[in-house]
Each structure stands twice: as C-alpha cells, then as structure tokens.
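Down below is the structure, laid out as structure tokens.
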Number of protein chains: 2
Amino acid sequence: MIENTDAAVLSRLRDFLATAQLPDGGRLPPERDLAESLDVGRSALRKALATLQAEGVVWRHVGKGTFTGERPIDTVADINAMVHRTNPLEVMGARIAFEPEVARCAALNATPSQIAELRSAMLKAQQAPTWRLYEQWDNRLHRLIGEASQNSLLLGLLDTLNAVRRAVTWGRLRDTPVRPPPDHHSFEEHARIVDAIANRDGSAAADAMRRHLRSVEGHMRDVR
Amino acid sequence: MIENTDAAVLSRLRDFLATAQLPDGGRLPPERDLAESLDVGRSALRKALATLQAEGVVWRHVGKGTFTGERPIDTVADINAMVHRTNPLEVMGARIAFEPEVARCAALNATPSQIAELRSAMLKAQQAPTWRLYEQWDNRLHRLIGEASQNSLLLGLLDTLNAVRRAVTWGRLRDTPVRPPPDHHSFEEHARIVDAIANRDGSAAADAMRRHLRSVEGHMRDVR
DNA sequence: TACCCGAACCAATTCTGCATTGGTTCGCTT
DNA sequence: AAGCGAACCAATGCAGAATTGGTTCGGGTA
C-alpha cells in the first residue's frame with residue numbers, strides 16, 4: 001500500500017517533474033492522466049499542484065494546461081485605454097518628443113535601399129492628387145523612417161503611437177478632390193528630413209523632424 | 001453586346017464600388033461572385049482589381065478577401081510579440097532614444113510635488129539594502145519621470161517599453177544580499193537628472209538621462 | 001467526522017476538418 | 001493575342017468536437 005498523504009503526493013509530483021526533464025515553460029500531462037500515472041486521486045493531485053503553483057514552480061490555465069516556470073506576461077499595450085486618456089494635443093506632444101529621436105536612429109542605421117524607399121515615398125506624397133492619398137504616403141514615410149532605425153522595439157512603439165493617433169483623429173480625414181498645394185510646407189520639411197538621413201546626420205534629421213512636427217502642430221491649431 | 005475592354009471593366013467596377021456604399025474597410029464580394037455579377041471573366045476582373053489595389057483604393061489577402069481602404073498596419077501592440085522580436089541591445093537603444101526626451105518633457109511640466117517625489121524615490125534607491133530593492137526604486141524613479149511629463153501617451157509608451165524591458169531581461173534579477181556600493185555610478189547620474197528637472201532645464205535633463213542610460217549600457221556589456 | 005476518490009458538469013481553450021478566397025496555371029475559344 | 005472557364009494551391013475563416021483546469025456532489029473509507 002502506498003501512502004497518499006499530502007506530503008507523499010507532493011513529493012512524488014516533484015519526483016515526476018525532476019524525472020520528466022521538461023524544457024522551461026514545457027507542459028505537464030493533463031491532470032487526469034497525471035493522477036492516474038501517479039496512482040492518486042485527482043483532488044489530491046490538484047492540492048499538490050496548487051502548492052507548486054503557489055511556489056511559482058508551475059502555472060495553470062483553464063483549457064491550456066499546466067506549465068513549468070512562471071506565467072508569461074500577458075500585458076498588451078491597451079491602445080483603447082490610451083485613446084480614452086489622451087487628446088490630440090498630447091498626441092502631438094508625444095510625436096514631437098519621440099519621432100525626432102527615431103529619425104536620428106534612422107540616420108545612423110538606414111540601409112541605402114531604405115533611403116531610396118524614403119525618397120520614393122516622399123515623391124509619392126508630393127504628387128498625391130488628393131489629401132487622402134497625401135496622408136497615406138505621409139504615414140508611409142513616417143513608418144519607413146521607423147523601419148530605417150533598424151530597431152524593432154522603436155518601430156513597435158511608433159506603431160503604437162500611430163495607432164493611438166489615428167484613433168484620436170478619427171473622422172478628420174480630408175477626402176476633398178482638392179490636392180495639397182505645390183508649396184505645402186510639409187514638402188520641403190520632408191525633403192530636409194530625408195536628406196539628413198541620407199547624409200547620415202543624426203542631429204540634423206532629429207532637428208528637421210522636430211521642425212516638421214512643430215509646423216504640423218501649428219497648422220493643426222490654425223485649422224480649428 | 002457589352003464591351004469588356006480593360007477600361008470598361010475598370011469603370012464598371014468603380015461604379016459597383018460607388019453603388020455598394022461599402023463602409024470604410026468593408027469587404028467586397030469574392031472575385032468569383034463579383035466576376036459573375038459584372039458579367040466579366042475572373043482574369044479581367046482581377047486586372048481591374050490590381051489597378052484599384054495599386055491606387056490604394058482596395059487591398060487584398062489570400063483567404064481573407066478584398067477590402068476597401070488601406071491595408072491596416074500590422075500593429076503589434078502585443079508586448080509578447082515585441083519581446084520575441086527584440087533583444088537587450090535594442091531595448092537599451094530604444095531607452096536611450098526615448099527616455100531622455102521624456103525627461104525633457106518632465107523638466108518642462110513637472111509639478112513641485114512630483115519633483116519632491118522624484119527626490120524621495122532617488123534617496124530610497126540610494127539607501128536600498130539589496131540590489132533587488134535598488135532596481136525596484138530605480139524603476140519607480142524612471143516611471144515618476146514619465147508621470148511628470150504630464151503626457152499620458154508618453155507615459156503609456158514608457159510603460160510599454162518597460163514591460164518589454166522586464167520581459168527581455170528576465171532572470172537577470174540580482175537578488176544577492178549585497179547592496180549597491182555607495183559610489184555606484186547611477187547615484188550621481190540620478191541626482192543630475194532630478195536636479196535638471198527641478199531647475200526646469202529640459203536640455204540638461206535630457207543630457208543627464210542620456211548619459212545615465214549610456215552608463216548603464218556600458219555596465220551591461222561589462223557584466224557579460 | 002474528516003478525508004479522498006470517482007464521476008459529472010462547466011467554461012475557456014485548442015484541435016480538426018471543411019468551406020472560402022485570392023493567386024496561379026492550363027487548355028480552349030474568339 | 002487575349003479573355004474565358006476550369007482546376008488546383010496555399011492561406012484563412014469557421015463551426016463543431018475534443019481537451020483541460022476548476023468545481024460540485026455523492027459514496028466510500030479510515
């Protein structure tokens with residue numbers, strides 16, 4: 001007769017874990033199977049598992065299973081939460097703080113082909129026949145700069161920022177048949193940014209981007 | 001007999017889109033159905049769709065369908081996705097790019113009580129009896145700087161960055177009984193940052209933060 | 001009485017097979 | 001030469017079955 005005290009079950013469970021040599025984060029057998037193979041009732045096994053979980057040795061989730069190690073972080077950057085808490089002014093503030101430094105990284109790390117893509121997107125924006133298409137290529141240009149930073153984390157943060165921006169400025173899409181005037185302020189500002197990146201001049205790129213965003217901010221106030 | 005030249009098909013397709021009044025981002029009928037309802041072969045329809053896609057009017061994806069508007073950017077606000085794609089070096093690069101500008105905003109916007117909190121957290125970090133507690137107060141200090149920027153969006157981005165950082169440097173927690181030495185490099189660097197913020201000197205705050213993070217980065221390399 | 005086992009059930013999740021969809025190729029017709 | 005129809009491919013979506021941790025209840029056992 002094998003004793004099935006709490007301590008005994010727990011001990012046998014630990015033995016099993018040590019023997020199984022599970023990779024970190026690996027999955028244990030289902031409770032039903034494990035109970036049978038350990039010759040223990042399910043409730044007793046669950047008590048032992050609860051102890052291990054309290055110790056942080058394993059973690060469990062309904063429908064998924066029981067896993068070794070600690071529960072992986074599940075925090076998604078909740079864009080909706082940010083949207084509800086912020087406003088267009090804050091968004092511009094964040095852009096002015098963040099994007100110039102992204103541009104600086106891009107100047108230091110962009111590949112030649114990425115610089116060519118920047119130029120292409122810039123030209124497409126200039127030649128856009130409608131405001132909507134202009135904004136589309138403007139967005140593409142700013143994201144390409146993020147890609148050129150060669151830092152996937154910076155790019156991820158930039159995407160988050162843009163997602164919030166789009167959500168906040170919802171419904172402000174200008175879909176008029178009018179096209180941006182040939183002397184639109186952004187055109188020269190874009191050119192300065194791209195030139196600075198092409199010249200590998202990080203500080204100039206950051207300055208140009210900052211100036212561009214400030215100019216956009218000023219225009220935003222005027223429109224209201 | 002209806003003419004089925006490329007231009008005619010394209011025109012009829014545009015008509016259909018205008019008539020259908022699809023909501024932005026709405027899905028078009030499958031190519032097979034649409035081809036039949038327009039009395040056109042599938043290949044001809046696909047040629048017209050390719051044109052619209054080049055214009056950015058629609059976007060398509062195998063298995064999904066054809067949709068109006070622009071292809072939504074693969075916005076990975078999911079921190080887990082970022083973690084799998086990045087590495088400690090990138091994380092430091094992003095911190096060096098981002099946090100100095102947050103400090104600059106904090107210098108311009110911090111309230112007196114927030115500055116007092118900064119000083120308090122800084123002292124707690126200096127007096128921490130273990131490395132783990134030091135890191136806890138160090139984290140608190142950096143987040144307080146984010147709060148002091150008075151920009152909830154910047155704060156949200158900073159939180160995202162920190163979540164990724166914690167996940168990437170997983171398992172590097174120093175839980176030794178040893179305490180940080182009294183001349184630890186971070187102490188003076190923290191002081192410079194907080195002083196600059198208290199003096200409302202944005203540029204100095206940004207510089208001090210950049211210097212601090214570079215110092216941390218250098219120390220990180222040494223440890224390896 | 002106190003505890004454990006077995007069974008049944010619940011809700012969250014995963015798995016699986018099938019239908020759908022854009023992309024491609026191949027004869028055939030016009 | 002170009003479009004049409006058909007067939008096929010791979011990626012995706014979808015619905016239902018199977019799985020899994022969490023919970024409850026009755027019965028047995030010490």
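Naming: A, B, ... by sequence-line order, numbering from 1 per chain.
Nucleotide D:dA6 holds its P atom 10 Å from the CD atom of B:E36, rounded to whole Å. Rounded to whole angstrom, the span from the CG atom of A:L34 across to the P atom of D:dT19 amounts to 17 Å. Here D:dG22 presents its P atom at 11 Å from CG of A:L45, a figure rounded to the nearest Å. Taking atom CG of B:D33 as the reference point, atom P of C:dT21 lies 7 Å away to the nearest angstrom.
Ion pairing of A:R46 with A:E31 is present here, as a side-chain N (NZ or NE/NH1/NH2) and a carboxylate O approach within less than 4.0 Å. Ionic pairing of B:R132 and B:E135 is not present here: no N-O contact between side-chain nitrogen and carboxylate oxygen is shorter than 4.0 angstrom. Salt bridge present: A:R14 and A:E55 bring a charged side-chain N and a carboxylate O closer than 4.0 Å. With salt bridges taken as basic N to acidic carboxylate O contacts below 4.0 Å, none links B:R32 and B:E36. With respect to the salt-bridge test (charged N to carboxylate O, under 4.0 angstrom), the residues B:R12 and B:D39 do not qualify.
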Taking only nitrogen or oxygen atoms into account, show me every contact under 3.5 Å that the protein makes with nucleotides 24-30 of chain C, one pair per line with its distance.
| from | atom 1 | to | atom 2 | distance (Å) |
| --- | --- | --- | --- | --- |
| C:dT24 | O4 | B:R42 | NH1 | 3.4 |

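Residue A:S43 places at least one side-chain N or O under 4.0 Å from the OP1 or OP2 atom of C:dC5. Between B:K47 and D:dA2 there is no side-chain polar atom (N or O) within less than 4.0 angstrom of OP1 or OP2.
The aromatic rings of A:H185 and A:H219 lie tilted to each other, with the angle between the two planes from 30° to 60°.
Considering B:R166, B:R165, B:R143 as possible partners of B:D159, the one that fulfils the salt bridge (Lys or Arg N to Asp or Glu O under 4.0 Å) test is B:R143.
For the segment residues 58-69 of chain B, the set of residues with a heavy atom within less than 4.0 Å of an atom of DNA chain D comprises B:H61, B:V62, B:G63, B:K64, in numerical order.
For B:R32 against C:dG22, a side-chain N or O and a base N or O form a donor-acceptor pair under 3.5 Å.
Identified under the salt bridge (Lys or Arg N to Asp or Glu O under 4.0 Å) test for residues 118-128 of chain A, with sequence neighbours left out: A:R119-A:D195.
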